[in-house]
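Please read the structure below before turning to the comments.
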Amino acid sequence: MRMSKLFSQTLREAPADAEIPSHKLLVRAGYIHQLAAGIFTAMPLAHRSLTKIEDIMREEINAIGGQEMSMPVIHPAEIWKRTGRWSKVGPEMGRFKDRNGRDMALAMTHEEAVVDIIKDEIQSYRQLPVLIYHIQTKWRDDPRPRAGLIRVREFTMKDSYSLDRDWDGLDRQYQDHYQAYFNIFNRCKLPVIAVESDVGMMGGNMAHEFMYLTPVGEDTLLLCEECGYKANRQIAEFQKQKPPQEKERTLEKVETPDAKTIQDLTELLEIPDRKTSKVVFMMATHLREEEEVNQLVFAIVRGDMELNETKLANAIKAKSLRPAEAEDIQAVGAVPGYASPIGLDDVLVVVDDLIPESPNMVAGANEEEYHYLNVNYGRDYEADLVADIAAAQDGDLCPHCGSPLKEVRGIEVGNIFKLGTWYSEAVGATFQDNDGQEKPVVMGSYGIGSGRLLASIVEEYNDEYGLILPISVAPYQVHLVSLGKSSGGGEVQAAAEELYQSLNAQGVEVLFDDRDESPGVKFNDADLIGVPIRLTVGARSLEKGSIEMKLRDEKERELIPEGEVLERVQKTIQKLSKEIEDRIVPVHLEE
RNA sequence: CGGGGUGUAGCGCAGAGGGCAGCGCGCCGCGUUUGGGACGCGGAGGUCGACGGUUCAAGUCCGUCCACCCCGACCA
């Protein structure tokens, strides 16, 4: 490709609305162009990189038996109504009506489309197991797209779906994906870890997320360096240390002016925050026979802990949770800042499982300026539900080995779910097993977003000058810079042109800077675009019968005799490719 | 949805107090220059986010709306 013809331009300055390196650099280097919030065009450079990433995904999924296909982006509402997700999923689903007034949906994932197919196509256990996948556009109307390609609304995802006759089969396909996913990320040179995760709107009973660890990530993870426990904060467990036993003391009401927060309270009463209980009001939405029902939830955790909303939502099986408004709270007779579970009706009280173990706590009195001392669970109040609803934090103890957990941030670049039979049962996607029984197909679903993966790679590999792409995902293998100009003697240009032709003839992917630009501009653009191998043809090196070669991630330049250039380029490509292939190692999924 | 911010040329920005819409980069033409974002001369490019109001006169003042960005909520 000649840069004089390349449909994109580099920018000297990044757009003001880009904040993180991958966003700034992808825009500056001319890879992407924004159309609207969370909606981007992949310009030719990005398209080539994305195609390479997608080809890697194809190869790895094909290798575990995947069959590529293509499912529609537009779905009739009908299939989403059958699984209940038409009403279960909120405004993040794109909906519209066709000309006849029928409800339609923009696909945000394809479980519904898959079960609709298998309902018709799969009748016998002889047709199983199957692994199907496609690489397709998804639309998720995220409330807050951000960070360039990291968090978008329209995106391309490789999503595969495993179909099995039983859970053992699902286990095998799940493990195959676990390995294939590590292979994919390794081939993209992106370091990731797999963590246990919440199943979220996908349903199912086991899930892992593949996380690229970076401070710009938006997920919080807890890791144990001792035993290897890794989990998304949404579900992370930890060992709660029981406070020492104490004799129950008498309930006592005390005046606590202006003590609306845990901190005020601990200072006023001179007690540690673990002696207090914190009430968090949430408004939960439940789905009862297609109707949304709101309910105020009173969640109580110890004052030194935070509520984990995902755990709470899972514990009470709520569709969604949001912080309650002041009116909601007052409506049930509670007093924000002085709230208490004592003497309240009409609310769902959920307490963290450490609360019943904690004697003589301080809690609100449901009266301005008053708290109770020596509140004891069981004696003074009872909850509707006792569950683990506290969020793990940095330094909490590992649920497995008791070592301190470390809190880190990450970007979710892939996920795998054991869906089980939830979807197939919902639509009657069954097959006849060899025992003659009709059974629901056992499913798994597995996704990787290609744009987010590219952005993560850029986030990991860049410097102040631009991208430094691994050869497996770079849009080109070689960036050939000609320092000659059309107006000059033409010797340099002719040599560069000849080299360009020879490299092309050998199948090397070359980006050829044939523009009438000054050397500085060309070198800067080359650094910005981030192709791994740079060849420079200039009068200086040509005099010595040589071409200069430089790798993007190294400082040294090397002069290569003209006659050896083709061979050296091929060897270098092989070397760089092998370094990446060597990253592929077997991994183990512990269950 | 709550809080904060920004909308002026492709990109980055300036335009107190109303009075001819500007600068740098980029773009076009001519010439010089050529190993790390060169220089001269000449040019093109704008519903100043939109709508409404105040005024002789609005980029600037007032109102409403929209878009985009950041934090939170939410989310694979």
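Quick note on labels: first sequence line is chain A, next is B, and so on, each numbered from 1. Not measured: the values here are computed from a predicted model. Only this structure's heavy atoms are used, side chains among them; waters, hydrogens and symmetry mates stay out.
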> In whole Å, what separates the P atom of G63(B) from that of G4(B)?
Replying inline: 16 Å
>> When you compare the side chains of Tyr446(A) and Ser162(A), does any donor N or O come within less than 3.5 Å of an acceptor on the partner?
In response: yes
> Hey, is Asp141(A) close enough to Arg153(A) for a salt bridge, meaning N to O under 4.0 Å?
Replying inline: yes
> Which nucleotide, A76(B), G37(B), G35(B), lies nearest any side-chain atom of Leu528(A)?
Replying inline: G37(B)
> Taking the side chain of Arg146(A) as its heavy atoms from C-beta onward, which of C69(B), C71(B), G35(B) lies nearest to it?
Replying inline: C71(B)
> On RNA chain B, nearest-nucleotide positions of Gly38(A) versus Glu209(A): which is more 5'?
Replying inline: Gly38(A)
>> Measuring only the P atom in each nucleotide, how far is G7(B) from C62(B)? A whole number of Å is fine.
In response: 15 Å
> Has the side chain of Arg28(A) got a donor or acceptor atom sitting under 3.5 Å from an opposite partner on the base of G37(B)?
Replying inline: yes
> Does Val537(A) or Val152(A) map to a spot on RNA chain B nearer the 5' end, using the closest nucleotide for each?
Replying inline: Val537(A)
>> Please report the distance separating the P of C20(B) from the corresponding atom of A58(B), rounded so that it comes out in whole Å.
In response: 12 Å
> How far does the C1' atom of G36(B) sit from the matching atom of C30(B), given to the nearest Å?
Replying inline: 27 Å
> Pairs in or reaching into residues 24-46 of chain A: which pass side chain to side chain donor-acceptor pair (under 3.5 Å), with residues at least two apart or in two chains?
Replying inline: none
>> Which residues in residues 14-26 of chain A have a heavy atom closer than 4.0 Å to any atom of RNA chain B?
In response: Ala14(A), Pro15(A), Ala16(A), Asp17(A), Glu19(A)
> When you compare C27(B) with G19(B), how far apart are their C1' atoms, in angstrom units rounded to a whole number?
Replying inline: 32 Å
> Taking CD1 from Ile150(A) and P from A76(B), how many angstroms apart are they, rounded to a whole number?
Replying inline: 18 Å
>> Walk along nucleotides 1-8 of chain B from 5' to 3' and tag each nucleotide B, S or - by protein heavy-atom contact under 4.0 Å, base first, then sugar-phosphate.
In response: --------
>> Whole angstroms only, please: what is the NE2-P distance between His110(A) and A76(B)?
In response: 17 Å
> At what distance, to the nearest 0.5 angstrom, does CG of Asp176(A) lie from CD of Glu60(A)?
Replying inline: 11.5 Å
>> Output one letter per nucleotide in nucleotides 23-30 of chain B: B when a protein non-hydrogen atom lies under 4.0 Å from the base, S when only the sugar-phosphate is that close, - when neither is.
In response: -BSS----
> Is the side chain of Asp513(A) donor-acceptor paired with the backbone N or O of Arg515(A) at a distance under 3.5 Å, no angle test?
Replying inline: yes
> What integer distance in Å separates Asn415(A):CG from A76(B):P?
Replying inline: 9 Å
>> How many whole angstroms separate atom CZ of Arg540(A) from atom C1' of G35(B)?
In response: 5 Å
> Counting only N and O atoms by type, is there a donor-acceptor contact under 3.5 Å from the side chain of Asp352(A) to the main-chain atoms of Ala390(A)?
Replying inline: yes
> Choosing from G35(B), C68(B), G36(B), which nucleotide comes nearest the side chain of Lys550(A)?
Replying inline: G36(B)
>> By the salt bridge (charged side-chain N to carboxylate O under 4.0 Å, His left out) test, which pairs, at least two apart or in different chains, include something from residues 1-13 of chain A?
In response: Arg2(A)-Glu497(A), Arg2(A)-Asp514(A)
> If you measure only the distance, is there a donor-acceptor pair under 3.5 Å linking the side chains of Arg452(A) and Tyr212(A)?
Replying inline: no
>> For A76(B), is there a stacking contact with Phe155(A), counting only centres under 5.5 Å and planes under 30°?
In response: yes
>> Checking side-chain polar atoms at under 3.5 Å, does Thr83(A) have a donor or acceptor matched by the opposite partner on Glu111(A)?
In response: no
> Where the side chain of Lys522(A) meets the backbone of Ala526(A), is there a donor-acceptor pair that is under 3.5 Å apart?
Replying inline: no
>> Could you tell me if Thr214(A) and Arg409(A) have a donor-acceptor pair between their side chains, going purely by distance under 3.5 Å?
In response: no
>> Would you say Thr536(A) places a side-chain N or O within less than 4.0 Å of OP1 or OP2 belonging to G35(B)?
In response: no
> Arg153(A) has a side chain; which of G37(B), C68(B), G35(B) sits nearest to it?
Replying inline: C68(B)
>> If you only use heavy atoms from C-beta on, which nucleotide in G36(B), G37(B), C70(B) is closest to the side chain of Arg534(A)?
In response: G36(B)
>> Tell me the interatomic distance from Glu218(A), atom CD, to A73(B), atom C1', rounded to whole angstroms.
In response: 13 Å
>> Restricting to ring pair (Phe, Tyr, Trp, His ring centres under 6.0 Å), what partner residues turn up for His110(A), sequence neighbours left out?
In response: His75(A), His134(A)
> Given G36(B), G37(B), C68(B), which nucleotide is nearest the side-chain atoms of Phe523(A)?
Replying inline: G36(B)
> Can you find an N or O donor on one side and an acceptor on the other, under 3.5 Å apart, linking the side chain of Ser541(A) with the base of G35(B)?
Replying inline: yes
